[in-house]
Amino acid sequence: MKNQKTWVAVILLGTVAVNAGAYLMVRSRRAAPPEPVATRLPTPTPAVAPPASEPPPSEDANAGVIRALRASGLAALEDRDYGRAVAQFTEALKLLRPDDKDSDLTRLLGIATDLRSREQSKPTPREPAPGRTPPRTRAAKLAAARAAREQQATPAAAQEEARGGLLLVTSTPPGLVVMVDGRAVDMTPARLTVSAGAHRVVLAQGDRRLYEETVEVDADSVRSLNRDLTAELTPAAPKPAVAPVAAVVPASPPSAGTPVAAPRDPEPAKPPEPSVANAAVAQRGDLEVTSPGLYGEVWINGRPYGFPPISAQALPSGPAKVEVRVNGEVKRRMTVEVEPGRSTRVRVK
C-alpha cells in the first residue's frame, strides 16, 4: 500500500513539472515581440533609356565613302580583280539615295560584272586524250579524220577571235566623250572592243580636249585607262579688273592778279547702261532632257551632252535639235523650242 502511494506521488510531481515547463515556455514566447513581417515590395527597376538612334549619316559622309568605294573599284578594274570591283561598286550603290540617278556606278557595276563573267567563261585547256587504238574500220577512219580537221580549225578560229581586245576607259567626273583614233565612240565609263595594237585615246568635253594618250592593247586582253580630270574642269577664278591709275601733275601756282576759279561740284555719276553681254544672256535658256525608256547619248544642236538625265544650260533661244543616239546610231530625233530665260523640260519616249 505504501509503494502505491509513493508511485502516485511521483507521477503527480512529474505531471506538475511537465505542465509547469510547458507553461513557462508558452509564456516566454508570448512575451517576446513579434517579428515584423517584411512585405516584399518589387524592387523598382531603373528606367532604361531607349537606345538613342544613331543619326543618319550626313550626305557629305556618304559622298566621301561612295567616292572611296568608286576609286577602290576602279583600282580593282585596273588590276583585273573583277570580283573585288563588283563588290566595291555594289557597296557604293547601296549608299546612294533613291533619287540619285546621275551616278555612273550602275554602268561601272555592269561593266565589272560583264568582265568577271568573261573571265570565268574562258575555256580551260583540255588535257590530251590518252593514246587510243588506231581505227580499224573505214567509218572509224573517216570519223577520226573529221575530228582531226575540226581540232585544227578550232585553234585557227580561236586565234582569229583573240586578235581583238577590250579597252575600259573611266574618268572622274564621268560623262566625258571618249575618242579613239579621232572618232567619238562613247561616254565614260566606256567598255570598247578594239583591235590589237596602239590606239590614240582622247577624253574631251564638247570641243575641248582634256587628256590624250596612246594606249597599247594586246590581243585577247583588257586594258584600263582611268584619269581624274576634276582640276581641268574646275573653272579658274576671274581676276579682278584693276583700273588704270592716272598720273597726277602738280598744278603751277597762280600768278599774282590772276582770278582763281571756284572749285566745281562733281557731276553725279550716270547709271551704267545695260551691257551687250547681259542682253545676250537674256536671250538664252536651259533645256532638261530625260529618257526613261531609252538609254542613249543625248546630242543637242550637233553637240554631245552625255547620258540622260542631262541639263543643257545657256542654249540659244529658238528651235533646238535633240537627238538620242545608241552606239552612234540616231534612235530618237525631235525639235524643241528653247524659251529665253526659262528652263524647258523634254521627256524622250
Side-chain angles (χ1 to χ4, degrees), residues 66-94 96 103-126 154-205 209-230 232 295-297 304 306-307 325-329:
I66 291 173
R67 285 195 298 268
L69 291 173
R70 181 180 180 275
S72 177
L74 292 176
L77 284 179
E78 291 183 352
D79 297 339
R80 300 186 183 183
D81 190 354
Y82 305 127
R84 184 164 64 91
V86 170
Q88 297 296 324
F89 293 143
T90 304
E91 290 296 326
L93 280 173
K94 291 179 181 178
L96 280 180
S103 176
D104 63 328
L105 291 172
T106 303
R107 192 173 182 187
L108 285 174
L109 177 60
I111 292 174
T113 305
D114 188 15
L115 292 174
R116 184 182 63 177
S117 303
R118 184 175 181 272
E119 189 75 15
Q120 294 175 352
S121 62
K122 284 186 177 180
T124 57
R126 291 181 292 183
T154 300
Q159 184 178 3
E160 186 70 22
E161 294 178 357
R163 291 179 181 176
L166 289 179
L167 178 60
L168 178 61
V169 184
T170 56
S171 66
T172 303
L176 300 181
V177 179
V178 181
M179 301 177 64
V180 178
D181 298 332
R183 186 170 61 92
V185 291
D186 205 345
M187 308 282 287
T188 58
R191 176 182 178 273
L192 309 173
T193 302
V194 296
S195 59
H199 298 276
R200 189 65 176 175
V201 180
V202 178
L203 296 179
Q205 187 184 46
R209 295 193 174 193
L210 303 176
Y211 181 81
E212 298 185 22
E213 182 179 346
T214 301
V215 179
E216 187 76 23
V217 181
D218 297 332
D220 195 23
S221 65
V222 179
R223 176 65 189 272
S224 299
L225 178 63
N226 177 37
R227 290 295 177 268
D228 188 351
L229 302 175
T230 307
E232 285 77 0
Y295 188 73
E297 185 181 1
F307 289 83
R325 304 183 183 183
V326 178
N327 295 330
E329 182 180 357

Do any N or O atoms from the side chain of [X] and from the backbone of [Y] form a donor-acceptor pair under 3.5 angstrom?
X	Y	answer
S72	A68	no
R70	A92	no
R209	V202	no
T188	L176	yes

Note to self: side-chain contact (heavy atoms from CB on, under 4.5 Å) for T170 and L225? Distances and angles first, verdict last.
What the structure shows: CA-CA 6 Å; T170 56; L225 178 63; over 6 Å; no
For the [atom1] atom of [X] and the [atom2] atom of [Y], what is their distance to the nearest 0.5 Å?
X	Y	atom1	atom2	result
E213	H199	CD	NE2	13.0 Å
S171	N226	OG	CG	7.5 Å
R116	I111	CZ	CD1	14.5 Å
L74	R227	CG	CZ	11.5 Å

Write down the atom of [X], the atom of [Y], and the distance for their closest heavy-atom approach.
X	Y	answer
P174	P189	CB-CD, 4.3 Å
G306	M187	CA-CE, 3.2 Å
P173	T230	CD-OG1, 4.0 Å
F89	G73	CZ-C, 3.5 Å
E297	P304	OE2-CB, 3.0 Å
R107	A190	NH2-CA, 4.4 Å

Next item on the list: Step by step, work out the side-chain contact (heavy atoms from CB on, under 4.5 Å) result for R183 and V185.
Entry: CA-CA 6 Å; R183 186 170 61 92; V185 291; 3.8 Å; yes
Next item on the list: Could you point out which residue of L108, V169, D114 forms a side-chain contact (heavy atoms from CB on, under 4.5 Å) with R191?
Entry: D114
Margin query: Tell me which one of V194, V180, L167 satisfies side-chain contact (heavy atoms from CB on, under 4.5 Å) with V215.
Written below: L167
Notebook entry, point to check: Are V201 and T214 close enough that some pair of their side-chain heavy atoms sits under 4.5 Å apart?
Noted result: no
Check: Hey, does I66 have a side-chain heavy atom less than 4.5 Å from the side chain of L105?
Finding: yes
Margin query: Run the salt bridge (charged side-chain N to carboxylate O under 4.0 Å, His left out) test against R118 and tell me which residues pass, sequence neighbours left out.
Written below: D220
Check: Can you list the residues that meet the salt bridge (charged side-chain N to carboxylate O under 4.0 Å, His left out) rule with E216, with sequence neighbours excluded?
Finding: none
Item checked: Partners passing side-chain hydrogen bond (donor to acceptor under 3.5 Å, both in side chains) against E119 (at least two apart in sequence or in another chain) -> none
Notebook entry, point to check: Quick one: side chain to side chain contact (heavy atoms under 4.5 Å, CB included) partners of A184, sequence neighbours excluded?
Noted result: V177, M179
Item checked: side chain to side chain contact (heavy atoms under 4.5 Å, CB included) partners of T193, counting only residues at least two apart -> L166
Next item on the list: Report the C-alpha distance between F307 and D186 in whole Å, list the side-chain angles of each, state the deciding distance to 0.1 Å, and finish with yes or no for side-chain contact (heavy atoms from CB on, under 4.5 Å).
Entry: CA-CA 10 Å; F307 289 83; D186 205 345; 3.6 Å; yes
Next item on the list: I would like to know whether L115 and L168 meet side-chain contact (heavy atoms from CB on, under 4.5 Å); could you show each step before the answer?
Entry: CA-CA 10 Å; L115 292 174; L168 178 61; 4.2 Å; yes
Check: Mind checking what makes ring-ring contact (aromatic ring centres under 6.0 Å, His included) contact with Y82, not counting sequence neighbours?
Finding: none
